[in-house]
Amino acid sequence: MSQIVVLDTNVLLHDPQAIFAYPKDEVIIPAIVLEEIDSKKRLADELGRNARSVSRSLDKIKEEGKLHSGIKLPSGGSIRVELNHRNFAQVQELFGEITNDHRIIAVAMNYHVEQQELPESERKQVMLVSKDVLMRIKADVLGLAAKDYISDPGLHADDRYNGYFTLHVHPAIIDEFYSFRYLMINSLGLQHRLNPHEFVILKDELGTTKSALLKVNHNATKLEPLFLSNDPVWGITARNAQQRMALELLMNDDIPLVTLTGKAGTGKTLLALAAGLLKVEDEHKYKKLLIARPVVPMGKDIGYLPGEKEEKLRPWMQPIYDNLEFLFDTKKSGDIDKILMGLGSIHVEALTYIRGRSIPGQFIIIDEAQNLTSHEIKTIVSRVGEGSKIVLVGDPEQIDHPYLDSMSNGLTYVVERFKQESLSGHIALEKGERSKLAQLAADLL
């Protein structure tokens, strides 16, 4: 059964293709949304790009008719720009001041009231779609259906891919693995599909301490032992099973895309940097180590900071420098800037300055990747040149971007889209290794 879908501005700024995400429904775009989109289209950032994309899409649609009258789509749905946003009685009575948000809610409420006046058999559900939690709460207060916009509706927080799982088996199977150094996946009788480079922890179902750590091969046909021993990587030794899995992926030159997620203190960035340094400085597998992170301010923007570009960027890049100082202290002492200048093969940059480039033969680390949109992730990964490896690192539960959440951010998006591909690997780190206090804070606060 089709429904009437009223889109909030933030949905279109998050995903310009949201216009077409409801092909069977009647999509309503309030006029005030167009005004807000228009105010963003001159911006030089992702919001501006999305605003311009929405404008182009609507311009193409209106070739088929008048948007304010509604335009039928081949899929059976329709798109309409709603000009009547002046009847605020339902909203104003409860919330008083009329803001742009309240105007959008009023449009949805007007449709809801109209539908209630129709015979029950002819009614359509009116759904307000917004990424603003408070908007959805206000709609709920008014008895209006509202939901978040998720570009991949089949993805739920409980279903997020971790990159590994534990399997309890008969001890004879563990013995078989240690004897033959592999296990065929189809012999395990699993009810779900395994992904390339996914890890499996085998445990004795009878309760003994017998166990094994295995990895799915590149074409997901058998389980193999890890090729990497637990030796230190640039002075860093894995402290738990997930860190060992992460290093296994990071050190494998046949896996050009690695994604690492986890709370603060789980070692994501440190492990990626250690692997990158070893690959660039010791093995010379890559020409450069490029480390970047998006500049998403939690307070004042970069323009408020004094100094030249390097001085402005230093506060955002400082977590990376902290990790580099820790790693280089294990090999040599001295100021980290002098060390990096002397090496010449390590570059720390804001993500803004690597877009649009083709990057061959480099070990690339993108820190805080959860603050990127799906389009930004696509832009970055699609720039990776021949012979490069890219590592995306971040915590999907710690979002600073105003239009992203734990499920709609670019890092979660790329993990889910690439999990079945042989060119990628993913691990969700769980145990904090920074300190007991840091782990407790990450869990409780």
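Counting from 1, the numbers follow the sequence of the chain as shown. As the structure is a computational prediction, the values presented were derived from the model and not from experiment. All values below come from the heavy atoms of this structure, side chains included, with hydrogens, waters and symmetry mates left out.
Side-chain atoms of Ser78 do not come within 3.5 Å of backbone N or O of Gly70 as any donor-acceptor pair. Proximity of a side-chain donor or acceptor of Arg103 to a complementary backbone N or O of Val33 within less than 3.5 Å is not detected. With hydrogens and angles ignored, the 3.5 Å screen pairs no side-chain donor or acceptor of Ser69 with any backbone N or O of Gly65. In this structure, Arg52 contributes its side chain and Lys41 its backbone to a donor-acceptor pair below 3.5 Å. In this structure a side-chain-to-backbone donor-acceptor pair under 3.5 Å is missing from Thr373 to Gly410. A donor-acceptor contact shorter than 3.5 Å links the side chain of Lys268 to the backbone of Lys263. Distance alone, capped at 3.5 Å, places no donor-acceptor pair between the Ser2 side chain and the Asp25 backbone. Put simply, the side chain of Glu421 never gets that close to the backbone of Phe418: no donor and acceptor are under 3.5 Å apart. Side-chain N or O atoms of Lys279 include one that pairs as donor or acceptor with a backbone N or O of Met251 at under 3.5 Å. A donor-acceptor contact shorter than 3.5 Å links the side chain of Lys389 to the backbone of Ile255.
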Could you give me the CA-CA distance, side-chain angles and deciding distance for Ile364 and Val391, then say whether side-chain contact (heavy atoms from CB on, under 4.5 Å) is met?
-> CA-CA 6 Å; Ile364 308 160; Val391 183; over 6 Å; no

After noting the C-alpha distance and the side-chain angles of Ile365 and Leu290, does the key distance pass the side-chain contact (heavy atoms from CB on, under 4.5 Å) rule?
-> CA-CA 6 Å; Ile365 300 173; Leu290 176 60; over 6 Å; no

Quick one: do Leu183 and Leu202 satisfy side-chain contact (heavy atoms from CB on, under 4.5 Å)? Show the steps, please.
-> CA-CA 11 Å; Leu183 287 173; Leu202 295 183; 3.7 Å; yes

For side-chain contact (heavy atoms from CB on, under 4.5 Å), just list the numbers for Ile366 and Leu372, CA-CA rounded to whole Å, side-chain angles, deciding distance to a tenth of an Å, and then say yes or no.
-> CA-CA 10 Å; Ile366 308 297; Leu372 298 171; 4.0 Å; yes

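The shortest side-chain heavy-atom distance between Leu12 and Asn10 does not fall under the 4.5 Å cut-off. For the pair Leu247/Leu228, a side-chain contact is recorded, criterion being any heavy-atom separation below 4.5 Å from C-beta on. The closest side-chain heavy-atom distance from Ile377 to Val381 is below 4.5 Å. You'll find the side chain of Val258 stays beyond 4.5 Å of the side chain of His426, heavy atoms only. In this structure the side chain of His375 reaches within 4.5 angstrom of the side chain of Arg49, judged on heavy atoms. Here the side chains of Ile359 and Val384 are not in contact, with every heavy-atom distance at 4.5 Å or above. With contacts defined as side-chain heavy-atom distances shorter than 4.5 Å, the pair Arg244/Phe199 does not qualify. With contacts defined as side-chain heavy-atom distances shorter than 4.5 Å, the pair Val27/Leu7 qualifies.
Rounding to the nearest 0.5 Å gives a distance of 4.5 Å between CZ of Phe20 and OG of Ser57. The CG atom of Leu250 sits 5.0 Å away from the CG atom of Leu260 when rounded to the nearest 0.5 Å. The line from CG of Leu167 to NZ of Lys203 is 11.5 Å long, rounded to the nearest 0.5 Å. Rounding to the nearest 0.5 Å places CG of Asp395 at 9.0 Å from CG of Leu411. Note that the CG atom of Asn371 and the CG atom of Asp400 stand 4.5 Å from one another [nearest 0.5 Å]. How far CG of Leu194 is from CZ of Phe165: 4.5 Å, rounded to the nearest 0.5 Å.
When Gln370, His14, Lys131 are each tested for a side chain to side chain donor-acceptor pair (under 3.5 Å) with Asp405, only one passes: Lys131.
With respect to the salt-bridge test (charged N to carboxylate O, under 4.0 angstrom), the residues Glu224 and Lys215 do not qualify. A salt bridge between Asp148 and Arg136 is present, with a side-chain N of the basic residue lying under 4.0 Å from a carboxylate O of the acidic one. Between Arg56 and Asp59 there is no salt bridge, since no side-chain N of the basic residue sits under 4.0 Å from a carboxylate O of the acidic one. Under the 4.0 Å criterion applied to side-chain N and carboxylate O atoms, Arg160 and Glu397 are assigned as salt-bridge partners. Ion pairing of Glu416 with Lys419 is present here, as a side-chain N (NZ or NE/NH1/NH2) and a carboxylate O approach within less than 4.0 Å. Under 4.0 Å is where a charged nitrogen must lie from a carboxylate oxygen, and between Lys138 and Asp101 no such pair does.
Residues Tyr413 and Ser374 approach most closely at CD2-CB, 3.5 Å, considering heavy atoms. The two residues Pro396 and Asn409 come nearest to each other via the heavy atoms CB-ND2, 4.0 Å. Between Leu144 and Met109, the shortest heavy-atom distance links the atoms CD2-N, 4.1 Å. Heavy atoms only, all atoms of each residue included: Arg123 and Leu118 are closest at NE-O, 2.9 Å. Of all the heavy atoms in His68 and Leu83, the pair that sits closest is CB-CD1, 3.8 Å. Residues Ile427 and Ala246 come closest through the heavy atom pair CG1-N, 4.1 Å.
The local environment of NZ in Lys378 is sparse, with at most 12 non-hydrogen atoms from other residues, nucleotides or ligands closer than 6.0 Å. When the shell of 6.0 Å around NE2 of His347 is examined, it contains more than 12 heavy atoms from other residues, nucleotides or ligands.
No side-chain N or O of Gln3 forms a donor-acceptor pair with one of Tyr22 less than 3.5 Å apart. Side-chain N/O atoms of Thr269 and Asn323 include no donor and acceptor closer than 3.5 Å. Checked by atom type, the side-chain pair Tyr164/Glu430 shows a donor-acceptor distance below 3.5 Å. Side-chain atoms of Asp132 and Ser130 include no donor-acceptor pair closer than 3.5 Å.
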